[in-house]
Amino acid sequence: ISKHLHEPITNTAIATAVGVSTPYLSRLFRNHTGISIGEYVTNQRIDEAKGLLIYSSEPISTIALHVGYQSEAYFSRRFAQIVGQSASQFRQARQSHSL
């Protein structure tokens, strides 16, 4: 999953790649992790974005695309829901700590 964050990732594609049915994969994944595949993918994308926000000067729109979001607005909404602050606030807070 982490190697394909910049691409659309579906449960069906993952199930096909590992050779199991989609329902079985979904059930197995949730039983082992406690979250859905979609939640896991979103968390991985947001974690990757956090690193890019801290260690690069790329625009947020470029980071959103890099981690698999086609819309900067949707990326920003999801980022704020998960992290509790906007991507720009997150970046600004981390940059001020490193000064």
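Atoms considered below: every heavy atom in the structure, side chains included; atoms not considered: hydrogens, waters and symmetry mates. Computed from a prediction, not measured in an experiment: that's the story for all the values here.
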Legend entry - Partners passing side-chain contact (heavy atoms from CB on, under 4.5 Å) against Ser26 (at least two apart in sequence or in another chain): Asn11, Thr22, Ile37

Inset, instruction - Kindly assign one of parallel, tilted or perpendicular to the pair His6 and His4, based on the angle between their ring planes and the thresholds 30° and 60°. - result: parallel

Inset, instruction - Could you tell me which non-hydrogen atom of Gln89 sits nearest to which non-hydrogen atom of Ser86, and how far apart they are? - result: OE1-N, 2.9 Å

Inset, instruction - Any chance you could measure Lys3, atom NZ, to Ile9, atom CD1, to the nearest 0.5 Å? - result: 13.0 Å

Legend entry - Counterpart residues, side-chain contact (heavy atoms from CB on, under 4.5 Å), relative to His66 (two or more places apart): Glu48, Leu52

Inset, instruction - Following the transitive rule for hydrophobic clusters with a side-chain heavy-atom cut-off under 4.5 Å over Ile, Leu, Val, Met, Phe, Trp and Tyr, establish whether Ile63 and Leu65 coincide in one cluster. - result: no

Inset, instruction - Measure from the side-chain N and O atoms of Arg91 to the backbone N and O of Leu53, and report whether any donor-acceptor pair falls under 3.5 Å. - result: yes

Inset, instruction - Enter the distance from Asn43:CG to Ser36:OG here, rounded to the nearest 0.5 Å. - result: 9.0 Å

Legend entry - Atom CD of Gln70: over 12 foreign heavy atoms under 6.0 Å: no

Legend entry - Arg94 (side chain) donor-acceptor with Ile54 (main chain) under 3.5 angstrom: no

Legend entry - Test item: side-chain donor near acceptor, Thr12 and Thr10, under 3.5 Å: no

Legend entry - Ile46 with Leu5, same ILVMFWY side-chain cluster at under 4.5 Å: no

Legend entry - Face-on cation placement of Arg45 at Tyr69 ring, 6.0 Å and 45° thresholds: yes

Inset, instruction - Measure the CD1-OH distance between Ile1 and Tyr40 for me, rounded to the nearest 0.5 Å. - result: 5.5 Å

Legend entry - Minimum heavy-atom distance between Gln85 and Phe79, given as atom pair plus value: O-CD2, 3.3 Å

Inset, instruction - Answer with yes or no whether the side chains of Thr42 and Glu39 bring together a donor and an acceptor at under 3.5 Å. - result: no

Inset, instruction - Answer yes or no: is there a side-chain heavy-atom contact under 4.5 Å between Ile60 and Phe75? - result: yes

Inset, instruction - Please name the pair of heavy atoms, one in Val67 and one in Ala49, separated by the smallest distance, quoted to 0.1 Å. - result: CG1-N, 3.8 Å

